[in-house]
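In what follows, a single structure is set out as structure tokens and then discussed.
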2 protein chains.
Amino acid sequence: MLTQTAHATPLAHQPDIALSLHRKGRDESPSLGVLGIAMSFGRNMEIYAEGESAGHVYKVVSGVVRISNLLPDGRRQISAFHLPGDMFGFEADNLHWASAEAVTQVKVIAYKRRILLAGGGSTNLGRDLLHLTLVELRHTQEHLLLLGRKNALERVTTFLLDMDKRTKAGSVVELAMPRHDIADYLGLTLETVSRMFAELKERGLVRLEGARRVHLLDKQQLTSMGA
Amino acid sequence: MLTQTAHATPLAHQPDIALSLHRKGRDESPSLGVLGIAMSFGRNMEIYAEGESAGHVYKVVSGVVRISNLLPDGRRQISAFHLPGDMFGFEADNLHWASAEAVTQVKVIAYKRRILLAGGGSTNLGRDLLHLTLVELRHTQEHLLLLGRKNALERVTTFLLDMDKRTKAGSVVELAMPRHDIADYLGLTLETVSRMFAELKERGLVRLEGARRVHLLDKQQLTSMGA
DNA sequence: CGACTGGTTGACGAGGGTCAAGGACCGTGG
DNA sequence: CCACGGTCCTTGACCCTCGTCAACCAGTCG
């Protein structure tokens with residue numbers, strides 16, 4: 001299997017490409033009985049860049065993808081982490097307004113945008129895309145509330161609960177991303193994220209097993225704090 | 001004309017309803033050759049509430065609408081202001097996840113959600129809705145960057161430039177909403193918003209004509225500051 | 001005229017950012 | 001096997017931006 005090695009400066013866009021069919025079944029996401037291209041990206045590799053033309057839409061097969069925007073001076077905001085099964089890369093026009101990068105080793109399937117949009121105008125497909133986009137929109141609005149009005153502890157708590165819910169691994173959250181990415185997602189600094197983890201640990205709400213594995217000990221109380 | 005008077009606690013949901021056809025032409029928004037119901041709301045009246053079932057989708061005819069979410073303790077985040085021509089009220093499922101209120105006296109046209117979604121499955125309409133939603137999503141992600149990474153002065157500057165662009169009234173921005181709403185949109189307090197206006201005035205970038213009218217004197221520099 | 005809503009300005013403090021040092025972990029190679 | 005380098009994480013000290021609290025001002029309506 002062709003894959004890429006990690007890269008300090010994640011700028012090149014040369015995914016190794018393998019052709020494949022999109023497997024049906026074992027897959028909760030919308031009905032895409034369409035040909036896709038399987039692609040693989042190493043940690044920190046760029047899947048597409050802000051401003052690039054948006055020829056494809058992607059579905060995560062394995063790994064984690066981050067969607068981010070930059071200010072001219074380098075400040076970064078991550079708008080979403082996408083997990084296996086999630087789709088990303090839709091845009092209103094033909095340009096990507098954000099960039100997508102692999103947080104871990106990632107496999108995706110890329111679908112031609114034209115096929116999805118024009119493709120026969122299958123009503124089902126169109127509705128699925130609309131629904132998907134609306135769900136994404138709701139998540140983003142929820143995140144606005146977090147960034148605009150929650151304090152650091154609430155942000156981290158909300159993040160942990162959200163990751164727990166999305167991965168359904170029963171109170172044990174495996175964080176695929178480093179503190180820096182969490183910080184840029186939550187509108188904080190990595191130091192503050194670290195301190196909030198420590199705070200939750202001290203309060204006995206959480207147990208840390210290394211930096212990347214978090215046991216949620218009291219979801220009830222975490223939930224009541226998360227907002 | 002039936003309208004409602006302002007209300008200190010904007011909770012009641014009793015819009016005065018008038019039947020009307022949706023006028024074609026003089027209207028850039030998507031092709032909705034569909035019957036709608038014209039409704040009128042007084043300042044601070046609720047158009048729909050968080051958690052309410054989402055039977056309709058709305059288009060602003062006149063006035064300004066705010067979309068907001070609340071935390072249990074009352075902290076509020078406004079995710080968008082909608083101006084004439086804008087649509088709002090789409091949801092992924094059948095419940096409104098945010099509430100919509102009239103910032104000023106407002107006229108809207110309400111369309112039955114079922115008609116828009118199921119309605120013949122007209123490919124054009126479906127695509128329009130998807131496009132609209134994607135544009136909304138992009139705006140929301142842009143706002144994430146603002147809330148997560150911009151400082152107070154940058155936020156206010158970005159807000160003014162955005163309002164200027166949307167109203168196309170040549171460097172004079174008419175703010176329909178009070179400082180408190182601007183603050184809840186920008187993730188600040190009303191005092192900080194007021195101070196940032198003062199700061200922009202001191203720097204000679206802006207001229208204030210009363211609290212609600214702002215002349216943008218140096219858009220170039222404002223843009224470079226808006227980050 | 002007085003009451004109300006909305007806006008401005010000032011003094012002060014706290015939450016989180018910045019800067020800096022050091023620790024933990026991991027793969028590589030001697 | 002251990003030393004080494006790199007990446008990631010934690011913790012502390014300090015400081016700054018913005019929130020809080022409060023007083024006062026301006027415009028509007030009855």
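All chains are named by letter (A, B, ...) in the order of the sequence lines, taking the proteins before the strands, and each is independently numbered beginning at 1.
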* Asked: Rounded to whole angstrom units, what separation is found between the CD atom of E199(A) and the P atom of dT10(D)?
  -> 14 Å

* Asked: In whole Å, what is the span from the CD atom of E154(A) to the C1' atom of dG16(C)?
  -> 14 Å

* Asked: Does some side-chain heavy atom of K59(A) sit less than 4.5 Å from a side-chain heavy atom of P84(A)?
  -> no

* Spacing of E202(B) atom CD relative to dT9(C) atom C1', expressed in whole Å -> 11 Å

* To do: Treat primed atoms plus P, OP1 and OP2 as sugar-phosphate and everything else as base, then score nucleotides 17-27 of chain D 5' to 3': B for base contact with protein heavy atoms under 4.0 Å, S for sugar-phosphate contact only, - for none.
  => -SSBB------

* Value in whole Å for how far the C1' atom of dT11(D) lies from CG of L208(A) -> 14 Å

* To do: Would you kindly give the CZ-to-C1' distance between F197(B) and dG7(C), to the nearest whole Å?
  => 11 Å

* Side-chain contact test, heavy atoms from C-beta onward, threshold under 4.5 Å: evaluate it for F197(B) versus L160(B) and give yes or no. => yes

* **Any side-chain heavy-atom pair of H215(B) and V206(B) under 4.5 Å** => no

* To do: Round to the nearest Å and state the distance from H180(A) atom NE2 to dT7(D) atom P.
  => 14 Å

* Taking D164(A) for its side chain and S171(A) for its backbone only, find out whether a donor-acceptor pair lies under 3.5 Å. => yes

* Asked: Hey, are the side chains of F88(B) and Y48(B) touching, using non-hydrogen atoms and a 4.5 Å cut-off?
  -> yes

* To do: Write down the distance between CG (L190(B)) and P (dT5(C)), rounded to a whole number of angstrom.
  => 15 Å

* To do: Take the protein atom CZ of R212(A) and the nucleotide atom C1' of dT10(D), then report the distance between them rounded to whole Å.
  => 14 Å

* Asked: Are H143(B) and L186(B) close enough that some pair of their side-chain heavy atoms sits under 4.5 Å apart?
  -> yes

